[in-house]
Amino acid sequence: MYQCHLCGKKLVSIISLGQQPLANRLLNSPDQIDDIWYDATWSWCDDCKLLMLVDPPSPDIVFESNYPYLTGQSKFMNEHFEKTAHTLYHQYNLDSAKVIEIGCNDGGLETLIKDHHDVLGFEPASACCPILEAKGIPHRRMKFDARSARETAEAWGKANLVYCANTLRSLKDLRGFFMAVLEMLYDDGVFVIEDPYIVDIVNRNEFDQFYSEYVYGFTITSMQNIARMFGMEVIDIDPLPDNHGGSLRWHMARVGKRPISTNVEALKVANSEFALKDKLNRFQQMIDDISTMFVDELVHLRDTDKKVVGYGATAKSVTLLNYANIDSELLPVIYDTTPTKVGKYLPGVHVPIRDAKEFSDVPKGCIVILFPYNLKREIFDREKGRRWLLYFPSVHYEESDAA
Ligand code: TMP
């Protein structure tokens, strides 16, 4: 029986995706052995209203030196950071403010704001660091913890804004992380967090979001509970329905330092958070139904001599392919634009990743599985005249407009 990482209450397992490899630990050859697997079981804490991976792999292994994910591959995400910079700048009057981003990846946000603010990124994944250096973005190549926060607060100073996107959900040690943030933040500073919203994920059936970096599935209520534990409160929320399959932007400040927007309670009610647990109880059946339908469709395509390829070697794809046991026999190749992924193989299923530049050689009659469904609009705009296989909210086909 596992206990809640935060409050210690006993947990009951709610979703299991079996044994899974680390989603971003790509292999160099098809014969390489996947040496690290973890038990992909998530449980629900009814006190914290928080979904959690009960026994997550260590972040030191998950974000080790060959971590391949680069945010800047997506035009949508670059535009998102541009809007975010604009929104936060005006909302908090950030003229000449000091801004920290934790888990800054290849520096999408910093590129936009480094001329107006004193910025500093924290990024432990070393594949990102040459990119940050080339862009001239001040950064520290290390994970953010109490020690690095204290050192930074002394040497660089405190921050008016601490921002992290798609990072908090990956860190089991929320206590250590929040203590470190408080160390860095001015008394009236703001801590802004973007992460997938578990209510969106469940409503859209997106179970492949549960990969090795998905330690926590946050609700609004859970963020309020977490904030309270550290003398903070959620002061505002922005829905980001198109980010990573449905996300929220939570704004936090120390208790009493900033007014609380009516958005916070209104969104909780509008999203029926109270109904989440019942939906989660039915989620495993849905996972099994979609996986079975997806495999059946691929088997049918193979048996009718239809050529199938994948597009976008996402971390998410690793969850689905491993759970449904789909290897290179049913899916011979996935195309991707990311230089740090091309030439590698997906963990577990060993499907090769090829350069998306070669995708134009794939005949138009071929079926293309769209793994980054969250970037559908951007990819459909670029890759016109194709027939795509998608699997959420259920297995179906879509056409991108004619070329
Ligand atoms: P994400 O859904 O986790 O952001 O991952 C998107 C993946 O898709 C990433 O590996 C980059 C890849 N990609 C392409 O291959 N072509 C594209 O046009 C875009 C936008 C992304």
Side-chain angles (χ1 to χ4, degrees), residues 20 22-27 62-63 66-82 84 103-109 125 127-128 131 165-167 169-170 194-197 200-201 204-214 240-247 309-322 331 333-347 349 351-362 366 368-386 388-392 398 400-401 403:
Q20 288 274 345
L22 301 190
N24 272 312
R25 203 159 198 259
L26 304 179
L27 307 178
V62 172
F63 299 106
N66 51 359
Y67 186 76
Y69 180 70
L70 299 175
T71 311
Q73 292 299 303
S74 156
K75 181 167 158 257
F76 172 81
M77 284 311 289
N78 290 328
E79 286 168 1
H80 165 70
F81 285 129
E82 198 170 337
T84 302
C104 66
N105 197 268
D106 55 9
L109 185 76
C128 302
I131 302 172
N166 303 303
T167 300
R169 68 174 153 143
S170 308
E194 287 178 19
D195 260 306
Y197 181 35
D200 284 341
I201 289 177
R204 300 176 194 187
N205 293 345
E206 294 164 350
F207 68 86
D208 64 349
Q209 299 264 10
F210 298 120
Y211 59 92
S212 46
E213 287 155 43
Y214 200 98
L240 304 169
D242 298 326
N243 282 44
H244 289 288
S247 296
V309 300
Y311 193 96
T314 58
K316 299 185 282 285
S317 72
V318 173
T319 313
L320 171 65
L321 296 177
N322 276 282
L331 176 62
V333 60
I334 300 187
Y335 293 90
D336 198 289
T337 53
T338 316
T340 40
K341 295 188 179 186
V342 169
K344 305 272 172 74
Y345 295 78
L346 281 190
V349 289
V351 175
I353 304 168
R354 284 212 207 120
D355 196 330
K357 285 185 197 130
E358 297 167 27
F359 183 63
S360 53
D361 299 336
V362 174
C366 194
V368 188
I369 304 171
L370 182 70
F371 290 109
Y373 49 86
N374 45 310
L375 302 172
K376 181 174 91 175
R377 260 174 261 158
E378 173 178 352
I379 292 170
F380 277 20
D381 274 352
R382 183 154 348 110
E383 306 296 349
K384 294 192 190 290
R386 297 275 182 188
W388 303 83
L389 175 59
L390 292 95
Y391 38 90
F392 294 139
E398 293 188 27
S400 51
D401 288 342

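Note that ligands are numbered from 1 as they come in the structure, with each ligand's atoms numbered from 1 the same way. Only heavy atoms go into these numbers, but all of them, side chains included; no hydrogens, no water, no symmetry mates.
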Which one holds for Lys341 and ligand 1: side chain close, backbone close, both close, or neither close, with close meaning a heavy atom under 4.0 Å? side chain
Regarding Arg386 and the six-membered ring of Phe359, is the cationic atom NZ or CZ under 6.0 Å from the ring centre and inside 45° of its axis? yes
Asp208 pairs by side chain to side chain contact (heavy atoms under 4.5 Å, CB included) with which of Tyr214, Phe371, Tyr373? Tyr373
May I ask you to say whether Asp242 pairs ionically with Arg377, meaning some side-chain N is under 4.0 Å from a carboxylate O? yes
Record the part of Lys75 in heavy-atom contact with ligand 1 below 4.0 Å; permitted values are side chain, backbone, both and neither. neither
Does any part of the side chain of Asn205, heavy atoms only, come nearer than 4.5 Å to the side chain of Tyr391, both counted from C-beta? no
When you look at CG of Asp361, are more than 12 heavy atoms from neighbouring residues, nucleotides or ligands closer to it than 6.0 Å? yes
Proximity flag Phe371 to ligand 1, non-hydrogen atoms under 4.0 Å: no
Can Lys341 be said to sit on top of Tyr69's aromatic six-ring, NZ or CZ under 6.0 Å from centre and within 45° of the ring axis? no
Pair Glu206 + Lys316: basic N to acidic O under 4.0 Å: no
Suppose we measure from atom 9 (C) of ligand 1 to each protein heavy atom; which comes out shortest, and what is that distance? Asp336 OD2, 3.6 Å
Heavy-atom contacts with Gly312 under 4.0 Å: which atoms of ligand 1 show up? List them by number with element. 8 (O)
Looking at ligand 1, is there an atom of it that comes within less than 4.0 Å of some heavy atom belonging to Phe76? no
Under 4.0 Å from ligand 1, counting heavy atoms only, is it the side chain of Thr71, its backbone, both or neither? neither
When only distance counts, is Tyr311 in polar contact with ligand 1, meaning an N/O pair under 3.5 Å? yes
Close approach, Lys316 and ligand 1, non-hydrogen under 4.0 angstrom: yes
At under 4.0 Å between heavy atoms, which part of Thr337 makes contact with ligand 1: side chain, backbone, both or neither? both
Is Asp401 salt-bridged to Lys384, cutoff N-O under 4.0 Å? no
Within the structure, does Arg382 bring an N/O atom to less than 3.5 angstrom of an N/O atom in ligand 1? yes
